[in-house]
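The block underneath contains the structure these notes are about, expressed in structure tokens.
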Amino acid sequence: MQIYPNTLIANSVSIQSDEYGMRAYVNSARGRAQLESECTADVVKAVETVWGSTPTVMEPTLPALTLDQTKQNKL
């Protein structure tokens, strides 16, 4: 498992592994959790050295639909 050359930046990183192949991780709360669960401790530590302790990418959120909007979408 290794950090793909020149991909570790403040907002993302690409990791090459035998298990997952090439995978990109974003510096968001969800991306950090995925990185920690799928990568070795040394890779996580190297990434967090550049990323710091705070996510820099906000994940988009979709507005919740009301029950009426859900019914309209099915028509």
Side-chain angles (χ1 to χ4, degrees):
M1 179 170 285
Q2 67 180 9
I3 298 171
Y4 198 76
N6 302 315
T7 64
L8 178 52
I9 59 173
N11 293 332
S12 64
V13 65
S14 293
I15 306 290
Q16 177 71 43
S17 75
D18 293 336
E19 185 175 354
Y20 299 111
M22 177 71 70
R23 187 166 284 187
Y25 300 89
V26 177
N27 187 1
S28 64
R30 187 169 38 164
R32 285 169 169 262
Q34 184 178 9
L35 176 80
E36 291 173 4
S37 71
E38 295 176 352
C39 295
T40 59
D42 60 323
V43 169
V44 172
K45 184 176 179 178
V47 171
E48 289 179 347
T49 299
V50 173
W51 283 4
S53 60
T54 306
T56 59
V57 176
M58 298 301 294
E59 295 178 10
T61 57
L62 298 173
L65 294 175
T66 65
L67 184 56
D68 289 337
Q69 290 171 321
T70 304
K71 287 179 184 177
Q72 289 174 356
N73 288 341
K74 290 183 180 180
L75 297 177

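All figures in this text were calculated on a predicted structure; none of them were measured in a lab.
Environment of CE in M58: sparse, with no more than 12 heavy atoms of neighbouring residues, nucleotides or ligands closer than 6.0 Å. Counting heavy atoms of neighbouring residues, nucleotides and ligands inside a 6.0 Å radius, atom OH of Y20 exceeds 12 of them.
Minimum interatomic distance between W51 and I9 (heavy atoms only, all atoms of both residues): NE1-O, 2.9 Å. Here the closest non-hydrogen pair linking L35 and V44 is O-CG2, 3.8 Å. Here the shortest heavy-atom pairing between E59 and A29 reads OE2-N, 4.3 Å. Closest approach of I3 to A46, counting heavy atoms only: CD1-CB, 3.8 Å.
Rounding to the nearest 0.5 angstrom, the gap separating the CD atom in Q2 from the CG atom in D42 is 11.0 Å. Taken from CZ in R23 to OG in S14, the straight-line distance is 11.5 Å, to the nearest 0.5 Å. Atom CD of residue E48 and atom CG of residue L8 lie 11.0 Å apart, to the nearest 0.5 angstrom.
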Q: Before giving the answer on side chain to side chain contact (heavy atoms under 4.5 Å, CB included), spell out for M1 and C39 the whole-Å C-alpha distance, their side-chain angles and the decisive distance to 0.1 Å.
A: CA-CA 8 Å; M1 179 170 285; C39 295; 3.6 Å; yes

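One hydrophobic cluster, built from ILVMFWY side chains closer than 4.5 Å, holds both V50 and V13. Cluster membership for V26 and V47, using ILVMFWY side-chain heavy atoms within less than 4.5 angstrom, is not shared.
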